[in-house]
Protein chains: 2
Amino acid sequence: MNELINIMKALAEPVRLRAWYALREGELCVCQLITVLGLAPSTVSKHLSILHQAGLVQSRQAGKWVYYRLPRTHEKGYVDNIQRELFNVLDEDVALNEFNKKVMQVRKGNMEELCRTITRKRR
Amino acid sequence: MNELINIMKALAEPVRLRAWYALREGELCVCQLITVLGLAPSTVSKHLSILHQAGLVQSRQAGKWVYYRLPRTHEKGYVDNIQRELFNVLDEDVALNEFNKKVMQVRKGNMEELCRTITRKRR
DNA sequence: TACTCATTTCGTCTTTTAACGAAATGTATA
DNA sequence: TATACATTTCGTTAAAAGACGAAATGAGTA
């Protein structure tokens with residue numbers, strides 16, 4: 001039950017649900033997630049670690065950057081089912097569709113530039 | 001999205017998940033829920049109101065007693081799907097099976113007596 | 001009407017959660 | 001080796017959530 005509770009807790013938070021949903025169409029660098037979520041790097045990092053701990057996302061390091069993605073398939077099969085069901089619901093959500101536009105923008109943009117924007121903000 | 005978040009938040013809490021699961025096999029009086037959950041009446045009442053607000057349970061009053069139950073079917077169909085999926089997982093859960101034994105005990109027991117036990121505790 | 005009693009509401013306390021900035025980490029590059 | 005810089009960790013603060021008991025509510029009964 002605790003495992004399920006962790007998964008539910010992880011997704012029962014708007015920021016994390018958005019972050020998770022943003023990965024639906026492929027991996028994203030942390031700086032891209034920081035940008036679309038509009039929160040401080042440390043805050044986003046924490047959220048991602050909670051999603052990671054729940055087994056809902058995976059990460060890989062590539063040079064300076066860390067990319068997060070959805071697992072192709074989850075260890076426990078039921079998580080796949082829940083994910084499918086939730087995505088079906090969220091795909092119809094107006095607010096999330098709006099958010100998704102931002103994600104698509106960021107996917108197209110230049111990542112080096114994005115990171116520099118974030119670094120500049122921090123001073 | 002907010003609706004979904006409310007549903008997830010409601011179920012992402014062990015006490016509420018147990019309460020909700022306890023109703024799987026039919027309605028229960030509040031005093032029965034208080035007993036199986038082992039918490040103060042006011043605490044249980046609050047949890048039930050959160051489940052109710054999320055649309056996950058319904059209630060009816062019968063004399064002094066208030067009974068809570070699962071809706072036969074949810075307004076939004078996707079909730080039925082999620083519920084089915086979660087129940088499938090929870091049915092396999094060892095801790096919940098243990099809990100379910102208590103629920104079955106309480107279902108068989110005398111309700112008047114149960115309530116009196118609770119009232120006695122309060123003094 | 002007055003009383004009993006199951007449940008809910010209210011006020012309070014404690015714990016948990018989410019946000020941030022500063023500092024630490026660790027990789028790539030000058 | 002020193003530096004730059006993306007990300008994470010740590011410490012702090014503010015807000016939310018969960019627990020309880022006391023008091024309020026509201027339905028049945030004497």
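Naming convention: chains lettered A, B, ... in sequence-line order (proteins, then strands); numbering from 1 in each chain.
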Expressed in angstrom and rounded to an integer, what is the separation of [X] atom [atom1] from [N] atom [atom2]?
{"X": "Leu114(A)", "N": "dT7(D)", "atom1": "CG", "atom2": "C1'", "value": "14 Å"}
{"X": "Lys121(A)", "N": "dG21(C)", "atom1": "NZ", "atom2": "P", "value": "11 Å"}
{"X": "Glu112(B)", "N": "dG28(D)", "atom1": "CD", "atom2": "P", "value": "13 Å"}
{"X": "Tyr67(A)", "N": "dT27(C)", "atom1": "OH", "atom2": "P", "value": "16 Å"}
{"X": "Glu113(A)", "N": "dC5(D)", "atom1": "CD", "atom2": "P", "value": "14 Å"}
{"X": "Arg116(A)", "N": "dA6(D)", "atom1": "CZ", "atom2": "C1'", "value": "13 Å"}
{"X": "Ile118(A)", "N": "dC20(C)", "atom1": "CD1", "atom2": "C1'", "value": "15 Å"}
{"X": "Ile5(A)", "N": "dG18(D)", "atom1": "CD1", "atom2": "C1'", "value": "14 Å"}

Could you tell me whether Glu25(B) and Arg107(B) have a side-chain N and a carboxylate O separated by less than 4.0 Å?
-> no
Can we say Lys101(A) and Glu98(A) salt-bridge, meaning some charged N sits less than 4.0 Å from an Asp/Glu carboxylate O?
-> yes
Which nucleotide wins on minimum distance to the side chain of [X], given the candidates [options]?
{"X": "Cys115(A)", "options": "dT8(C), dA19(C), dA6(D)", "result": "dA6(D)"}
{"X": "Trp65(B)", "options": "dA6(C), dA19(D), dT27(C)", "result": "dA6(C)"}
{"X": "Leu39(B)", "options": "dA6(C), dC20(D), dA18(C)", "result": "dC20(D)"}
{"X": "Lys64(A)", "options": "dT8(D), dT8(C), dA6(D)", "result": "dA6(D)"}

Other residues, nucleotides and ligands only: do more than 12 of their heavy atoms fall within 6.0 Å of [atom1] on [X]?
{"X": "Gln61(B)", "atom1": "CD", "answer": "yes"}
{"X": "Arg72(B)", "atom1": "CZ", "answer": "no"}
{"X": "Lys46(A)", "atom1": "NZ", "answer": "no"}

Assign each of Glu13(A) and Ile34(B) the nucleotide of DNA chain C bearing its closest heavy atom; nearer the 5' end lies the nucleotide of Ile34(B)
From CA spacing to verdict: side-chain hydrogen bond (donor to acceptor under 3.5 Å, both in side chains), Glu92(A), Tyr78(B) = CA-CA 12 Å; Glu92(A) 305 301 321; Tyr78(B) 70 82; over 6 Å; no
Ring centroid separation for Tyr68(A) and Trp20(A), is it under 6.0 angstrom?
->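 That pair fails the under 6.0 Å test.
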Is the shortest side-chain N/O distance from Arg16(A) to OP1 or OP2 of dA18(C) below 4.0 Å?
-> yes
Using only side-chain N and O atoms of Tyr68(B), determine if any of them is under 4.0 Å from OP1 or OP2 of dT8(C).
-> yes
Report the residue (Lys9(A) or Val66(A)) whose heavy-atom-nearest nucleotide on DNA chain D is the more 5′ of the two.
-> Val66(A)
Residue-level proximity of residues 42-60 of chain A to DNA chain D when a heavy atom falls under 4.0 Å |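 Residues of residues 42-60 of chain A under 4.0 Å from DNA chain D: Ser42(A), Ser45(A).
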